[in-house]
Structures are given as structure tokens and as C-alpha cells.
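Following: one structure in C-alpha cells, then a few remarks.
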Amino acid sequence: MAFKCMENINNFVDGAKACGVPSQETFQTVDLWERQNLNSVVICIQSLGRKGSQFGKPSIGPKEAEKNVRNFSEEQLNASNAVISLQYGSNKGANQAGMSFGNTRHM
């Protein structure tokens, strides 16, 4: 009986992969059978639930991202070279004047 149950779990995992669930989001049969890693089982079920919209069925969880290819011209790419962002390691105008985080340490 245990063998048949484990075979059914394995068939579920194979069916999930066939529906498009990535292999890194599936689980091993023993994870569910021996209740060792139920987190990976939940991840697989949620991933399978997101795939429902591909088959015209309701889905659960967040909508899966779609490919959004952007094509920039050479002129647009070269225009970005002239921008100096403050996120590139500049600390222009930054100081710690007036910052106080509670009481000083007494020794």
C-alpha cells in the first residue's frame, strides 16, 4: 500500500513538471510521505496554482511575469553615459551632522 501511495505522489510531481512547474520548485516523494520537508511541498503546490492561468483556469498567488523585451537605439544607450547618478558611490552632500541614536555608552 505504501508503494502505491508513493507512486501516486511521484505521479503528481511528474504532472506538475509537465504543467510547467520548474524542477527547483518541486519536491521529493519522501518529503511528503515522511513529512520531512513540507515547505517544499507547499512551494510546489503554489507554483502549480500559478500555472492555472496558462490553461484558462483560475490561478492562485501572484501573476507570473511575462517577457518584456526593450530595444534601445545607440543614441539612447550613449545618452546614459553622460548621467552621473548619486548611486554610483558618491556621497555628495551626505554627512552625519545632527544624528543622534540614543544615549552614549558609559564605561
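No hydrogens, no waters, no symmetry mates; every other heavy atom, side chains included, goes into these values. Throughout, residue positions are numbered sequentially from 1 according to the sequence presented.
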- Item | Close side-chain approach of D31 and L38, heavy atoms under 4.5 Å | no
- Under the side chain to side chain contact (heavy atoms under 4.5 Å, CB included) test, which residues partner E34, sequence neighbours left out? V30, Q36
- Task: Give the C-alpha distance, both sets of side-chain angles, the deciding distance and a yes or no for side-chain contact (heavy atoms from CB on, under 4.5 Å) between K57 and K51.
- Result: CA-CA 9 Å; K57 302 290 182 188; K51 300 293 180 185; over 6 Å; no
- Message: How close do S53 and S59 get, counting heavy atoms only, and between which atoms?
- Response: N-CB, 3.8 Å
- Run the numbers on I9 and F27 for side-chain contact (heavy atoms from CB on, under 4.5 Å), then give the verdict. CA-CA 10 Å; I9 294 171; F27 60 93; 3.7 Å; yes
- Query: Just wondering, more than 12 heavy atoms not from Q76 lying within 6.0 Å of its CD?
  - Reply: yes
- Task: Please collect all salt bridge (charged side-chain N to carboxylate O under 4.0 Å, His left out) contacts where either partner lies in residues 10-25, sequence neighbours excluded, each pair once.
- Result: E25-R50
- Task: Looking only at non-hydrogen atoms, find the nearest pair between F12 and C44 and report the distance.
- Result: CE2-SG, 4.2 Å
- Item | Heavy atoms of other groups near F3 CZ, more than 12 under 6.0 Å | no
- Task: Could you tell me the separation between the CG atom of L48 and the CD1 atom of I43, rounded to the nearest 0.5 Å?
- Result: 13.5 Å
- Heavy atoms, side chains only, cut-off 4.5 Å: are V69 and N71 in contact? yes
- Message: Just verifying a value: how many Å separate W33 CH2 and N10 CG, rounded to the nearest 0.5 Å?
- Response: 13.5 Å
